[in-house]
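Note sheet for the following structure.
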Amino acid sequence: MTTGAEQSGSDDRSTRPLDALMAERRAKRDALAAAGIDPYPARFDRTDLASDVRRRFTDLGPDARTGVEVAMAGRITARRGHGKLVFLSLSDRSGPIQLLVQVGELDARSAAVLEACDLGDWMGVTGEVVTSRRGELSVGVRTLVLLSKAVRPLPDKWHGLSEADTRYRQRELDLLANPETRRIFDIRFATIAAMRRALVDDHFVEVETPILQAQAGGAIARPFVTHANALDVDLRLRIAPEIYLKRLVVGGYERVFEVARNFRNEGLSTRHNPEFTALEAYQAFGDVATGMELTERLVLAAADAACGRRTFATRNGDVDLTPPWPRRELLDLLAEALGRPVHPSQPVGALAAVCREHDVEVDDAWGPGKLVFELYDKVLLPTLLGPVLVCGFPVEVSPLARHRPDDPVLTDRFELVVDGREYANGYSELNIPEEQAERFRFEVEAAERGDPEAHPADLAFVRSLEYGLPPTAGIGIGIDRLVMLLAEVDAIRDVILFPMLRPEVAQG
RNA sequence: GCGCCUCUAGCUCAACGGCAGAGCAACGGACUCUUAAUCCGCAGGUUCCGGGUUCGAAUCCCGGGGGGCGCACCA
């Protein structure tokens, strides 16, 4: 609960305009209370939403009466007074509807509520569904009940709220003032719901795994560190749920998924928020092809359910998500882009030279696989409009993926690329315990050479593999970025309700 | 982290070295068919904060803070 502390300033501040505006609103509320009208009633029984009424009465002419009584509730968003006739706009979660109030016909309590009404107040109304003389569907108000007073004035009803800082810090205000914001988040939550439904229908079990972990694994990123007082140990916030999910497959959950909030202690940008949401799913007895099909299905389910269409505008043109998406070999695409073949079995020196030719920065500690990946990431990826499933990543940058039987320096791993960005990632899971242990040893060596992003060795995971992980397909889909694509917005902050910001400083 | 931009009334924006203004919201009034209602009237300011230059600073300079964009890191 918020206290009124910020209003308790000294006398010279009480004359500021905001204080005056709020004092007026409080005074109206208090006047109603003094007249025996509860300004904060506990309950209101609604019969219809605005959209229900709109759907039900589509073809009424002007000045119609229906004889249908409704009880509706929402926020007052506009007021157009004509003396003894007042039009109000009432907006509920389904949208707006007009209220038509003939002041002379109200009972005394309702008249007092109307008198004290401000834009932004929550109001309950009862009355008959009618149309105005101009034909606008309306509720001919019989009673008006104040449900909650907005003592703080709301943003401009026409221009809304535009300042980005305020929109992110006070998202509730953004949501109530800007319909476009609500549209974006409706897409977000419909996307998650659709994917969840598709997985559950396909016999996947939704599970929960630890966010506080002794070791942050399953991806390559810097973790947040926190402390558990009871155990007196430092813990890390998870950077990916992958390791635990595969341990559940070992335990017999053959199909699992988690909508996982991940935390990475890295920079903020248009495309990065330190906490973000990924969907990870694991399916026993499947391989990389299974993962690609599953990714295709889930993204399509989201697009269909959240948007009802499959073509979306991006910075670089429209993309059509209609399946099947092309499957392309990473090395084939790279050879086309570079005009010569490259392969992680080539000498480091030769690959580093190719990197320099294309202005890709090179670190001496990098092996050939990392260099090939860098060429992909910096030279090829930005040019791919997609959707395309790029397959065959170097084993050196894929410590948890199964290597290819016919080429042990590559893995059966894919990424989904759209508009030059990665949206999903998946592979045939590495399930040979000795090989996983060897991969971890390689990572530890990298760490000892000074690589801050090496994957930590996870002996509990290796032990788990020793009990037997069936052949398994695993995928991860970046939910925030997918929603950016589906909602056609450019900033990750526009698809996260409360993005990370510097803490608000108290204004002196 | 570096560079560029930005911060003025509750909200949206003007004024860009010379009296801080408008629209919406508010307040007082008129109005029984509006829907960005209209009309008349009235009120509302720590120009993000702190310093400096100047006869004079919202405006120019320095420092600080918040935010945005780009680059870097990453998904």
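Chain identifiers are assigned alphabetically (A, B, ...) following the order of the sequence lines, protein sequences preceding nucleic acid strands; residue numbering begins at 1 within each chain.
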To the nearest angstrom, how far is [X] atom [atom1] from [N] atom [atom2]?
X        : N     : atom1 : atom2 : value
A:Arg79  : B:U38 : CZ    : P     : 15 Å
A:Leu154 : B:C24 : CG    : C1'   : 13 Å
A:Trp158 : B:U38 : CH2   : P     : 12 Å
A:Arg222 : B:A75 : CZ    : P     : 12 Å
A:Glu163 : B:C13 : CD    : C1'   : 12 Å
A:Leu381 : B:C73 : CG    : P     : 13 Å
A:Asn265 : B:G1  : CG    : P     : 13 Å
A:Asp359 : B:A72 : CG    : C1'   : 15 Å

Give one of base, sugar-phosphate or nothing for [X], where a contact means two heavy atoms less than 4.0 Å apart.
X        : answer
A:Tyr423 : nothing
A:Asn178 : nothing
A:Thr270 : sugar-phosphate
A:Leu18  : sugar-phosphate
A:Gly267 : base
A:Gly81  : base
A:Glu422 : sugar-phosphate

Checklist entry - Do the ring centers of A:Tyr376 and A:Phe393 come within less than 6.0 Å of each other? => result yes

Residue [X], side-chain atoms from C-beta onward, closest of [options]:
X        : options             : value
A:Arg271 : B:A37, B:C71, B:C69 : B:C71
A:Asp118 : B:G67, B:C27, B:A37 : B:C27
A:Asp165 : B:G67, B:U32, B:A26 : B:G67
A:Glu266 : B:A36, B:U35, B:A75 : B:A75
A:Leu161 : B:A75, B:U12, B:G44 : B:U12
A:Leu21  : B:A25, B:U32, B:A37 : B:A25
A:Arg481 : B:A37, B:C11, B:A75 : B:A75

Checklist entry - Got A:Val395 and A:Ser398 here, is their nearest side-chain heavy-atom distance under 4.5 Å? => result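 A side-chain contact under 4.5 Å is absent here.
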
Would you say [X] places a side-chain N or O within less than 4.0 Å of OP1 or OP2 belonging to [N]?
X        : N     : result
A:Arg502 : B:G67 : yes
A:Ser138 : B:C33 : no
A:Ser162 : B:C13 : yes
A:Arg169 : B:G67 : yes
A:Lys378 : B:C71 : no
A:Lys157 : B:A36 : no

Item to check | Test log, rule side chain to side chain donor-acceptor pair (under 3.5 Å), inputs A:Ser132 and A:Ser138 | outcome: CA-CA 7 Å; A:Ser132 69; A:Ser138 309; 4.8 Å; no

Item to check | Dot-bracket line, read 5' to 3' along RNA chain B, where crossing pairs take [ ] and | marks a partner on another strand, Watson-Crick or G-U under 3.5 Å | outcome: (((((((..((((....[..))))..((((.......))))......(((((..]....))))))))))))....

Taking atom [atom1] in both [N] and [M], compute the distance separating them and give it to the nearest angstrom.
N     : M     : atom1 : answer
B:A9  : B:C27 : C1'   : 15 Å
B:A15 : B:U35 : C1'   : 33 Å
B:A58 : B:U6  : C1'   : 14 Å
B:G23 : B:A36 : C1'   : 11 Å
B:C11 : B:C71 : P     : 31 Å
B:G17 : B:C61 : P     : 11 Å
B:G67 : B:C62 : P     : 22 Å
B:G50 : B:U12 : P     : 23 Å

Checklist entry - Heavy-atom count around A:Arg271 CZ within 6.0 Å, excluding the residue itself: above 12? => result yes

Checklist entry - Got a sec: does the CD of A:Glu69 have more than 12 other heavy atoms crowding it under 6.0 Å? => result yes

Checklist outcome for this item: Of A:Glu361 and A:Glu115, the one whose closest nucleotide on RNA chain B sits nearer the 5' end is A:Glu115

Item to check | Which residue lies more 5' along RNA chain B, comparing A:Asp63 with A:Asp377 via nearest heavy atoms | outcome: A:Asp63

Strictly below 4.0 Å, N to O, side chains only: are [X] and [Y] in salt-bridge contact?
X        : Y        : result
A:Arg402 : A:Glu429 : no
A:Asp480 : A:Arg188 : yes
A:Lys149 : A:Asp121 : yes
A:Arg315 : A:Asp419 : yes
A:Asp30  : A:Arg26  : no

Checklist entry - Do A:Asp156 and B:G23 have a side chain to base donor-acceptor pair shorter than 3.5 Å? => result yes

Next on the checklist: With a 3.5 Å distance limit and no angle check, can you tell me whether A:Thr58 reaches the backbone of A:Arg55 through a side-chain donor-acceptor pair?
Outcome noted: no

